[in-house]
J.: 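Just dropping this structure here.
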Amino acid sequence: MGKLFYSSDPQAIEIDDRLLQYLQVVLSTKLRRNESFTITWTDTEAAHTRTTLWVQPAISMRFEYASAEPQRLSGGYLRQLADQAAMSSGLMLNAATWQQQEVAHRVQLAAAA
C-alpha cells in the first residue's frame, strides 16, 4: 500500500500502489495546468465510507510507494480518470471496483490489437 500525504495533515491516506500511481499522473497533469478539482473515493476497509479532497496547486502533496519500481499503467484507464477529473463532479474512485475498470481497459486494448 502506498501513502498520499495531503497538505500539512500528518495522517497519510493509504492507497494501493498502482492506484496511487494513476492518481499521481492525473494530479500532476491537472495541477501543472493550474486546474482545481475534487477527488472522492470510497474505501470499504476504513472506518468511513467516502472521503472527498479539494485539490488545488497551493496544497502540497507527497506520494510514497511501498514498491520501488513504477508499474506500467493502462492508457485507457488513465484517460477515464482524467476525463472524470475534468467533470464538475470530480474524480470518483471506488476501492472495491477500480481494478475491474482498469482490467476492462486492458482487455479492450488487447482485443483491438
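In what follows, residues are counted from 1 in the order of the sequence shown. Because the structure is a prediction, the values reported are computed rather than measured.
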J.: Taking Gln100's backbone N and O only, do any of them form a donor-acceptor pair with Thr97's side chain (distance below 3.5 Å, no angle check)?
T.: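 No; judged by distance alone, with no hydrogens or angles, the pair does not exist.
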J.: Who passes side chain to side chain contact (heavy atoms under 4.5 Å, CB included) against Leu20, sequence neighbours left out?
T.: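 Checked Leu20 against side chain to side chain contact (heavy atoms under 4.5 Å, CB included); matches are Leu4, Ile15, Phe63, Tyr65.
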J.: When rounded to the nearest 0.5 angstrom, what is the spacing between OG in Ser67 and CD in Gln21?
T.: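 Atom-to-atom, Ser67:OG and Gln21:CD are 8.5 Å apart.
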J.: Applying side chain to side chain contact (heavy atoms under 4.5 Å, CB included), can you list everything that pairs with Pro57, at least two apart in sequence or on another chain?
T.: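 Residues passing side chain to side chain contact (heavy atoms under 4.5 Å, CB included) with Pro57: Leu31, Asn34, Ser36.
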J.: Taking the side chain as C-beta and beyond, is there a heavy-atom pair between Gln101 and Tyr77 under 4.5 Å?
T.: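 The answer is yes; the side chains approach within 4.5 Å.
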J.: Considering residues at least two apart in sequence or located in another chain, which fulfil the salt bridge (charged side-chain N to carboxylate O under 4.0 Å, His left out) criterion with Glu14?
T.: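 Partners of Glu14 under the salt bridge (charged side-chain N to carboxylate O under 4.0 Å, His left out) test: none.
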J.: Table please: side-chain donor-acceptor pairs of residues 84-93 below 3.5 Å, with sequence neighbours left out.
T.:
residue	atom	partner	partner atom	Å
Gln84	OE1	Met92	N	3.1

J.: Side chains of Tyr22 and Glu102: closer than 4.5 Å at any heavy-atom pair?
T.: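 Answer yes - side chains close enough.
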J.: To the nearest 0.5 Å, tell me how far Ser74 OG sits from Arg79 CZ.
T.: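 The distance works out to 7.5 Å.
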J.: Distance from Leu78 atom CG to Leu73 atom CG, nearest 0.5 Å?
T.: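 The CG atom of Leu73 is 6.5 Å from CG of Leu78, to the nearest 0.5 Å.
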J.: Nearest heavy-atom pair of Leu27 and Phe37: which atoms, and what distance?
T.: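 Result for this residue pair: CD2-CZ, 3.3 Å.
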J.: Do Gln56 and Trp54 touch side chain to side chain, with heavy atoms closer than 4.5 Å?
T.: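 Answer yes - side chains close enough.
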J.: Is any side-chain heavy atom of Phe5 closer than 4.5 Å to one of Met61?
T.: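 No; the side chains remain at least 4.5 Å from each other.
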J.: So Arg50 and Thr40, side-chain contact (heavy atoms from CB on, under 4.5 Å) or not? Walk me through it.
T.: CA-CA 7 Å; Arg50 185 177 67 208; Thr40 300; 3.5 Å; yes
J.: Could you list all the side chain to side chain donor-acceptor pair (under 3.5 Å) pairs where at least one residue sits in residues 2-11, not counting sequence neighbours?
T.: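 Checked against side chain to side chain donor-acceptor pair (under 3.5 Å) - neighbours excluded - no pair reaches residues 2-11.
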J.: Okay, side chain of Asp17, backbone of Ala66: is any donor-acceptor separation there less than 3.5 Å?
T.: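 Checked: pair present.
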J.: Could you give the distance from CZ (Arg62) to OG (Ser60), rounded to the nearest 0.5 Å?
T.: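 Output value for this atom pair is 9.0 Å.
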J.: Does some side-chain heavy atom of Thr38 sit less than 4.5 Å from a side-chain heavy atom of Leu53?
T.: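 They are not in contact (no side-chain heavy atoms under 4.5 Å apart), so the answer is no.
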J.: Name all residues meeting the salt bridge (charged side-chain N to carboxylate O under 4.0 Å, His left out) criterion together with Arg72; count only those two or more places apart in sequence or in a different chain, and write none if there are none.
T.: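 Salt bridge (charged side-chain N to carboxylate O under 4.0 Å, His left out) check on Arg72 returns nothing, list empty.
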